[in-house]
Amino acid sequence: MKNNRRSFIKNLGIVGATAAVIPSSFAAEAKEVNLLNRAAKSSTNKVLKIALIGAGGMGVADTNTALKHENIELVAVCDLYDGRLEDAKKRWGSSLFLTKDYKEVLNRSDIDAVIIGTPDFWHKKMSVDALNAGKHVYCEKPMVHSVEEGNDIIKAWKKSGKIYMVGSQGMSSLGNEKARELLAAGAIGTLNYAEGFWARNSALGAWQYPIPKDASTQTVDWEKYTSISKDMPFDPLRFFRWRNYLDYGTGMAGDLFVHLFSSLHFITNSYGPNKIAATGGLRHWDDGREVPDVLLGMFDYPDTKQHPAFNLSLRCNFVDGTSGSTFLKLVGSKGSMDIAWDSLTLKRNAGGGSDDPFLAEKAKENSGRPDRKKLVPPLETVYRAEDGYKGAHYDHFANFFMAIRENGSVAQDPAFGFRAAAPALLCNESYKKNEFINWDPEKMKLG
């Protein structure tokens with residue numbers, strides 16, 4: 001396992017995953033702050049020419065982040081809405097090649113890699129077509145719209161010899177890397193439980209995106225949009241707010257649970273759960289959407305060579321009055337970790353004390369001097385990113401570009417991406433059928 005971890009970090013292109021060396025006690029003193037940093041390196045700085053397919057909110061954010069890296073040139077943008085193509089020209093330059101046909105992008109010999117930022121239901125077809133065209137691919141999460149699509153992308157990726165990175169960017173964070181290191185070192189003992197939470201409380205956060213005033217069949221290529229889905233009359237909500245509809249999106253689970261699965265699987269080396277259940281409901285945003293705005297998931301992770309058996313609970317709430325919360329917590333027999341993208345808090349049990357009066361009396365029975373004071377280890381150690389940290393999104397693209405330039409590999413390849421996407425998508429199946437779903441995470445097929 002240590003050799004696997006060492007190989008992983010090498011492939012990821014990280015020289016210094018953390019600045020602080022883990023002390024044997026896992027904490028020098030209570031609430032000491034240790035700095036996390038990274039120094040990536042590449043032996044070549046070849047100019048890479050990229051194209052964006054799908055210039056909505058996430059596609060634009062991805063492209064802006066990609067262009068922060070040296071020697072990255074955007075040459076083409078594809079989208080089905082005129083307004084986004086015009087915005088692309090204003091944002092990135094009038095010399096861009098603009099089109100509504102993504103195959104025109106793939107036919108260009110001067111493009112090294114594409115960013116796929118389209119609605120989920122186009123991910124598989126565009127990914128396979130791009131790989132077959134000899135392009136490296138950065139595809140937004142979830143990698144697939146249905147579990148049945150996963151192996152088609154994996155097969156095309158292996159045949160192509162190209163780099164394929166799934167865009168669940170938080171996976172590349174300093175916080176996750178430190179959590180992986182601490183877990184392997186035994187900082188929280190034996191893992192037995194994990195939980196994750198994603199909360200929002202706004203119209204935008206709940207996917208009620210603005211609808212352009214000029215939205216029509218004259219400005220949107222609706223026919224092309226629905227060409228691989230159900231044929232229906234033009235509906236701007238299904239184009240601009242596609243996440244609310246299962247023909248195009250994957251609900252809260254595919255959009256947000258998948259981030260938490262990606263981070264958890266990275267930290268634990270896990271292939272995923274073998275038993276999945278979900279419940280929830282539409283509690284507030286009753287706007288015609290087909291997906292819940294509160295979703296709870298429960299998952300059994302089996303005992304494997306990578307980790308012991310443990311349980312996971314995930315929650316997503318778009319009506320959360322506290323708003324804006326997201327976290328991943330790992331709990332073990334000796335402590336726990338609260339993990340964010342730019343920080344981590346390690347908490348340790350201070351000698352097993354309890355406020356349970358029965359346990360306190362039983363403890364006295366095993367001591368000749370129950371009143372004697374003990375050495376108390378520190379309870380909490382905080383790790384945070386150094387000033388100037390550019391963030392997980394930047395680092396995710398750094399890993400992608402480094403792998404292309406050095407003919408390397410990435411952690412979030414199609415096999416990893418599918419193993420994170422499948423249990424998320426199966427939450428939707430469990431919710432719909434009101435039953436447990438069995439999944440084989442190693443063979444990547446329904447149990």
Side-chain angles (χ1 to χ4, degrees), residues 5 8 12 17-18 26 36 141-142 166-185 187-200 205 252-273 276 278 295-301 306-318 320 322-348 380-385 389 391-393 395-396 411-412 416-417 419-424 427 441:
R5 177 183 167 275
F8 169 84
L12 199 60
T18 60
F26 301 106
L36 307 174
K141 53 72 199 166
V166 180
S168 188
Q169 65 272 15
M171 196 218 72
S172 292
S173 70
L174 285 173
N176 282 349
E177 287 163 17
K178 189 63 181 177
R180 181 181 174 99
E181 182 182 3
L182 289 170
L183 181 66
I188 64 169
T190 303
L191 177 67
N192 55 68
Y193 173 72
E195 63 177 328
F197 184 40
W198 208 295
R200 293 175 176 175
M252 302 173 97
D255 201 62
L256 298 174
F257 277 8
V258 71
H259 280 302
L260 299 168
F261 279 119
S262 296
S263 291
L264 177 67
H265 293 179
F266 169 80
I267 294 166
T268 61
N269 267 324
S270 181
Y271 285 162
I276 296 156
L295 188 68
L296 311 175
M298 297 181 294
F299 312 88
D300 287 358
Y301 278 71
Q306 290 93 350
H307 56 71
F310 67 92
N311 290 90
L312 167 70
S313 67
L314 296 179
R315 296 176 289 149
C316 194
N317 186 357
F318 282 176
D320 190 302
T322 62
S323 185
S325 303
T326 179
F327 70 81
L328 179 64
K329 184 184 189 76
L330 270 62
V331 179
S333 57
K334 296 181 179 179
S336 68
M337 291 186 285
D338 296 332
I339 306 156
W341 291 357
D342 59 357
S343 66
L344 180 148
T345 301
L346 171 65
K347 299 177 182 178
R348 300 267 293 171
E380 188 171 301
T381 303
V382 177
Y383 300 84
R384 66 169 177 80
Y389 175 48
H393 202 175
D395 288 338
H396 211 51
Q412 202 166 30
F416 184 105
R419 287 185 169 119
C427 282

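Nothing fancy with the numbering, it's 1 onward along the sequence. Atom set for the values below is all heavy atoms of this structure, side chains included, hydrogens, waters and symmetry mates excluded. Note that the structure is a prediction, hence the values are computed from the model and not measured.
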Taking atom CE of Met171 and atom OG of Ser263, what is their separation to the nearest 0.5 Å?
8.0 Å

Check against side chain to side chain contact (heavy atoms under 4.5 Å, CB included), Phe266 and Gln412
CA-CA 9 Å; Phe266 169 80; Gln412 202 166 30; over 6 Å; no

Donor-acceptor pair, side chain of Tyr301 and main chain of His307, under 3.5 angstrom
no

For Val166, does its backbone N or O pair with a side-chain atom of His396 as donor and acceptor, under 3.5 Å?
yes

Looking only at heavy atoms, the pair that brings Pro142 and Gly254 closest together is CD-O, 3.2 Å

Drop me the distance from Leu344's CG to Ile267's CD1, to the nearest 0.5 angstrom.
8.0 Å

Okay, side chain of Ser173, backbone of Gly170: is any donor-acceptor separation there less than 3.5 Å?
yes

Cationic N near anionic O, under 4.0 Å, Arg180 to Glu177:
no

Where do Pro441 and Gly272 come nearest, in terms of heavy atoms and distance?
CG-O, 3.4 Å

Take Leu264 and Phe299, measure what side chain to side chain contact (heavy atoms under 4.5 Å, CB included) needs, and give me the verdict at the end.
CA-CA 12 Å; Leu264 177 67; Phe299 312 88; over 6 Å; no

Donor-acceptor under 3.5 Å (Asp338 side chain, Phe327 main chain)
no

Please check this pair: side chain of Thr190 against backbone of Ser333, looking for a donor-acceptor N/O pair closer than 3.5 Å.
no

May I ask you to test the Tyr383-Leu174 pair for a side-chain heavy-atom distance under 4.5 Å?
no

Check against side chain to side chain donor-acceptor pair (under 3.5 Å), Tyr193 and Ser336
CA-CA 9 Å; Tyr193 173 72; Ser336 68; over 6 Å; no

A side-chain contact here means heavy atoms from C-beta on lying under 4.5 Å apart; do Ile276 and Cys427 qualify?
yes

For Arg315 and Ala199, indicate whether the former's side chain and the latter's backbone hold a donor-acceptor pair under 3.5 Å.
no

Heavy-atom distance under 4.5 Å between the side chains of Trp341 and His393, does that happen here?
no

Where do Ala424 and Ala253 come nearest, in terms of heavy atoms and distance?
O-CB, 3.1 Å

Quick check for you: to the nearest 0.5 Å, what is the distance between Ile339 atom CD1 and Thr326 atom OG1?
11.5 Å

Any side-chain heavy-atom pair from Thr268 and Leu330 closer than 4.5 angstrom?
yes

Is the closest side-chain donor-acceptor distance between Asn311 and Asp300 under 3.5 Å?
yes

Where is the tightest heavy-atom contact between Tyr389 and Ser172, given as atom of each residue plus distance?
OH-O, 4.4 Å

Would you sort out whether Ser270 and His265 count as a side chain to side chain donor-acceptor pair (under 3.5 Å), showing the intermediate values?
CA-CA 5 Å; Ser270 181; His265 293 179; 4.5 Å; no

Just how far is it from atom CG of Leu346 to atom NZ of Lys334, taken to the nearest 0.5 Å?
12.0 Å

Name the one of Lys329, Glu380, Arg384 that satisfies side-chain contact (heavy atoms from CB on, under 4.5 Å) with Thr345?
Glu380

The single option from Leu328, Asp320, Leu314 that satisfies side-chain contact (heavy atoms from CB on, under 4.5 Å) with Phe197 is Asp320

Determine whether Ile188 and Leu183 make a side-chain contact, defined as any pair of heavy atoms from C-beta on separated by less than 4.5 Å.
yes

Which distance, rounded to the nearest 0.5 Å, do you find between the SG of Cys316 and the CZ of Arg200?
7.0 Å

